[in-house]
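The chains referred to below are lettered A, B, ... by the order of the sequence lines, with proteins before strands, and numbering in each begins at 1.
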Protein chains: 2
Amino acid sequence: MRIERLCVERGLKMTGQRRLIARVLSEAVDHPDVEELYRRALALDSRVSIATVYRTVRLLEEKGILERHDFGGGRARYEATDHGHHYHLIDIESGKVIEFSDEQHEALATAIAARLGFRLVGHRLELFGRRQDEEPAPPLRGRVRRAPAKGDAGGGGAA
Amino acid sequence: MRIERLCVERGLKMTGQRRLIARVLSEAVDHPDVEELYRRALALDSRVSIATVYRTVRLLEEKGILERHDFGGGRARYEATDHGHHYHLIDIESGKVIEFSDEQHEALATAIAARLGFRLVGHRLELFGRRQDEEPAPPLRGRVRRAPAKGDAGGGGAA
DNA sequence: GTAATTGCAAATAATTTGCCGTGCA
DNA sequence: TGCACGGCAAATTATTTGCAATTAC
């Protein structure tokens with residue numbers, strides 16, 4: 001319910017659907033897109049429309065409660081801003097998103113901006129990588145390795 | 001004409017419109033969106049349709065000749081990949097995009113990915129900043145500073 | 001009580017695509 | 001000369017919005 005609290009703090013009028021969407025957001029541990037948020041909300045209470053989900057994420061983004069990401073794939077994906085500054089590494093085989101943070105990078109970004117004559121207001125860093133085979137690998141044969149794609153939010157269900 | 005050469009190298013059939021679009025891309029020093037590419041192409045030769053521009057940038061992106069960016073504002077913006085790896089700093093007042101590169105960051109990104117068990121395949125870093133007033137600033141009064149927005153590509157014409 | 005919010009369906013906006021004529025290799 | 005390509009307009013996809021009914025404060 002962290003999100004609902006934040007909404008109240010910013011003086012938003014709390015309707016049933018806003019509370020519902022806030023709850024879905026509070027419970028999310030991934031980076032759902034609007035469709036997915038809508039699906040999860042519907043599962044809890046059918047009295048929401050997707051238009052309201054769109055309106056709400058937009059509002060919460062403006063209020064700084066949500067952050068919008070573009071991880072490719074055409075739809076915007078959302079995440080609460082309240083669990084700290086971090087970056088993303090996208091596994092290009094599975095689409096999974098891994099979060100990390102790095103103070104060194106933080107400092108470097110600020111330094112670079114300053115060097116260019118700017119005060120850093122925001123930044124984003126996204127790494128795209130392929131899982132490193134940790135097994136020393138059987139000398140002959142080997143390889144083959146396919147992941148069925150589909151990211152950490154989009155598809156089926158499972159919260 | 002660098003782009004056209006790259007197209008030929010990758011075995012693309014070179015039609016009149018592809019040559020035209022390749023030329024526009026070769027001459028661009030900014031990050032135009034499709035509308036803008038179409039406008040520039042039209043100015044040189046009216047026998048192109050915007051559908052072809054869409055098809056071509058998509059093709060060139062798949063071939064690794066172009067890179068697509070999302071700088072906010074809803075439309076994808078393109079840039080040739082052949083002028084070296086670099087990052088972008090977006091001036092949030094004017095929308096202007098400044099390119100820079102930084103070896104330290106390059107290394108850091110690789111190290112972070114490795115630490116997480118991944119081999120880095122690609123990455124992007126975008127800084128959003130506000131121009132730092134370089135003048136020591138007249139002690140009294142001061143401030144005011146507004147830029148009319150509109151980025152480094154979208155708008156009017158000018159190549 | 002009143003202005004903000006919602007749902008619905010229609011409107012946008014960016015991008016893609018089917019189909020058929022045309023031009024490149 | 002065949003097969004990929006280009007033009008056009010219609011189709012998609014993601015997102016926004018007008019309007020009347022509803023609701024929070």
Side-chain angles (χ1 to χ4, degrees), chain A residues 3-5 7-24 31-39 41-42 44-63 65-78 151 153-155, chain B residues 3-5 7-24 31-39 41-42 44-63 65-78 151 153-155:
Chain A
I3 304 295
E4 182 175 339
R5 177 156 47 251
C7 290
V8 174
E9 278 171 20
R10 323 255 159 142
L12 295 181
K13 186 185 279 192
M14 289 315 288
T15 65
Q17 19 283 81
R18 283 196 186 159
R19 237 183 291 275
L20 175 61
I21 295 166
R23 173 172 163 202
V24 168
H31 308 78
D33 58 36
V34 170
E35 287 276 4
E36 178 63 16
L37 289 172
Y38 177 52
R39 232 173 282 130
L42 270 190
L44 298 174
D45 185 331
S46 61
R47 285 159 306 171
V48 212
S49 78
I50 197 166
T52 297
V53 180
Y54 270 109
R55 281 194 269 235
T56 304
V57 292
R58 180 194 248 258
L59 178 67
L60 298 205
E61 196 205 343
E62 280 162 9
K63 292 291 184 182
I65 296 172
L66 285 186
E67 200 167 335
R68 173 172 50 205
H69 296 293
D70 162 42
F71 292 149
R75 32 237 289 170
R77 293 170 59 174
Y78 295 87
Chain B
I3 304 294
E4 184 177 339
R5 175 156 49 249
C7 291
V8 173
E9 277 171 21
R10 322 256 157 142
L12 295 182
K13 186 187 276 191
M14 289 314 290
T15 66
Q17 19 286 78
R18 283 196 187 160
R19 238 184 290 274
L20 175 62
I21 295 166
R23 174 172 163 200
V24 168
H31 309 77
D33 59 36
V34 169
E35 286 276 5
E36 177 65 15
L37 288 171
Y38 177 52
R39 232 174 280 129
L42 269 189
L44 298 174
D45 185 331
S46 60
R47 286 160 305 171
V48 214
S49 79
I50 197 166
T52 297
V53 180
Y54 270 109
R55 279 194 268 236
T56 304
V57 292
R58 179 193 249 259
L59 178 68
L60 298 205
E61 196 205 344
E62 280 163 8
K63 292 292 183 180
I65 296 172
L66 285 187
E67 201 166 335
R68 173 172 50 204
H69 296 294
D70 162 42
F71 292 150
R75 32 240 285 170
R77 293 170 59 172
Y78 294 87

Distances under 3.5 Å between protein N/O atoms and the N/O atoms of nucleotides 17-25 of chain D, please, pair by pair.
from, atom 1, to, atom 2, distance (Å)
dC25(D), OP1, M14(A), N, 3.1

Rounded distance in Å - [atom1] ([X]) to [atom2] ([N]):
| X | N | atom1 | atom2 | value |
| --- | --- | --- | --- | --- |
| I50(B) | dA9(D) | CD1 | P | 13 Å |
| E36(A) | dT15(D) | CD | P | 14 Å |
| R47(B) | dT22(C) | CZ | C1' | 13 Å |
| L59(B) | dT16(C) | CG | C1' | 14 Å |
| I21(B) | dC5(D) | CD1 | P | 12 Å |
| D70(A) | dT15(C) | CG | P | 12 Å |
| R39(A) | dA14(D) | CZ | C1' | 14 Å |
| R77(A) | dA14(D) | CZ | P | 13 Å |

Is it the case that atom [atom1] in [X] sees more than 12 heavy atoms from other parts of the structure closer than 6.0 Å?
| X | atom1 | value |
| --- | --- | --- |
| R5(A) | CZ | no |
| R19(A) | CZ | yes |
| R47(B) | CZ | no |

E61(B) bridged to R58(B) by N-O distance under 4.0 Å
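Here E61(B) does not pair with R58(B) in a salt bridge, since their nearest N and O are not under 4.0 Å apart.
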
Take E35(B) and V48(A), find for each the nucleotide of DNA chain C with the closest heavy atom, and name the residue whose nucleotide sits nearer the 5' end.
V48(A)

List the steps, then state whether side chain to side chain contact (heavy atoms under 4.5 Å, CB included) holds for E36(B) with R77(B).
CA-CA 9 Å; E36(B) 177 65 15; R77(B) 293 170 59 172; over 6 Å; no

Output yes when at least one side-chain N/O atom of [X] is less than 4.0 Å from OP1 or OP2 of [N], else no.
| X | N | value |
| --- | --- | --- |
| Q17(B) | dG7(D) | yes |
| S49(B) | dG6(D) | no |
| R75(A) | dT13(D) | no |

Measure across A22(B) and I3(B) and return the closest heavy-atom pair with its distance rounded to 0.1 Å.
O-CB, 3.6 Å

Do you know which two heavy atoms are closest between Y38(A) and I50(A), and how far apart they sit?
CE1-N, 3.4 Å

